[in-house]
Amino acid sequence: MTLLDVLDVLGLVCLLLGALLCLAAAVGLLRFPDLLTRMHAGTKPQVLGVLLVILGVGLRSRSGLDIGMLGLIGLFQLLTIPAGSHMVGRAGFRTGQIAPAHIHLGRRGEEADEGDEVPR
């Protein structure tokens with residue numbers, strides 16, 4: 001087994017894992033009930049899935065120009081997917097689809113006890 005064969009197998013594994021993560025994101029978009037959980041399902045596995053697909057294609061094609069183009073595509077995906085998700089969440093909050101009471105801010109400081117509610 002040569003190095004090229006190993007790179008082909010690694011590329012195939014990355015392509016399959018990336019496709020499975022993209023499929024998981026699509027299923028999450030269909031199954032989750034509200035905007036915030038759908039937004040989470042649409043961005044978190046999607047970014048990793050797209051990057052794994054790009055890595056798999058880069059391992060399979062060994063041209064320098066192709067790898068440079070795939071790097072630019074990955075960079076733009078890293079910049080645009082989270083920004084788009086932020087804008088969708090912001091629009092949902094401004095249009096009233098997300099109630100401020102449904103946003104959990106987490107624990108603030110050490111003074112919060114187990115039974116205390118976080119101020120909203």
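The figures here come from the full heavy-atom set of this structure, side chains too, leaving out hydrogens, waters and symmetry mates.
Across every non-hydrogen atom of Phe93 and Ile98, the tightest pair is CD1-O, 3.8 Å. For the residue pair Leu55 and Cys14, the shortest heavy atom distance occurs at CD2-SG, 3.7 Å. Closest approach of Gly92 to Thr95, counting heavy atoms only: O-OG1, 3.3 Å. Scanning both residues, Ala41 and Ala25, for their nearest heavy atoms gives O-CB, 3.3 Å. In terms of heavy-atom proximity, Leu70 sits nearest to Ile54 at O-CG2, 3.5 Å.
Distance check, rounded to the nearest 0.5 Å: CG of Leu79 to CG of Leu75 gives 4.5 Å. Note that CE of Met87 is 11.5 Å distant from CE of Met39, once rounded to the nearest 0.5 Å. With values rounded to the nearest 0.5 angstrom, Ile67 atom CD1 is found 12.5 Å from Leu72 atom CG.
Note on Val50 and Met69: same hydrophobic cluster, where clusters join Ile, Leu, Val, Met, Phe, Trp and Tyr whose side-chain heavy atoms are under 4.5 Å apart, directly or indirectly. Note: the hydrophobic cluster containing Ile81 also contains Leu51 (ILVMFWY, side chain heavy atoms under 4.5 Å, direct or indirect links). Residues Leu59 and Met1 fall within the same hydrophobic cluster, defined by Ile, Leu, Val, Met, Phe, Trp and Tyr side chains chained together at heavy-atom separations under 4.5 Å. Connection of Ile73 to Val53 is established within a shared hydrophobic cluster, with ILVMFWY side chains joined at heavy-atom distances below 4.5 Å, either directly or through further cluster members.
Pairs of residues two or more places apart, or lying in two chains, never qualify as side-chain hydrogen bond (donor to acceptor under 3.5 Å, both in side chains) while including a residue from residues 73-92. Applying the side-chain hydrogen bond (donor to acceptor under 3.5 Å, both in side chains) test to residues at least two apart or on different chains, the pairs with a partner in residues 45-66 are Asp8-Arg62. Listed by first then second residue, pairs satisfying salt bridge (charged side-chain N to carboxylate O under 4.0 Å, His left out) with a partner in residues 24-37 number zero, not counting sequence neighbours. Identified under the salt bridge (charged side-chain N to carboxylate O under 4.0 Å, His left out) test for residues 37-56, with sequence neighbours left out: none.
Remark: Thr2 pairs with Leu4, Asp5 by the side chain to side chain contact (heavy atoms under 4.5 Å, CB included) rule, at least two apart or across chains. For the side chain to side chain contact (heavy atoms under 4.5 Å, CB included) test, residues two or more places apart in sequence or in another chain that qualify with Leu48 are Leu21, Leu52.
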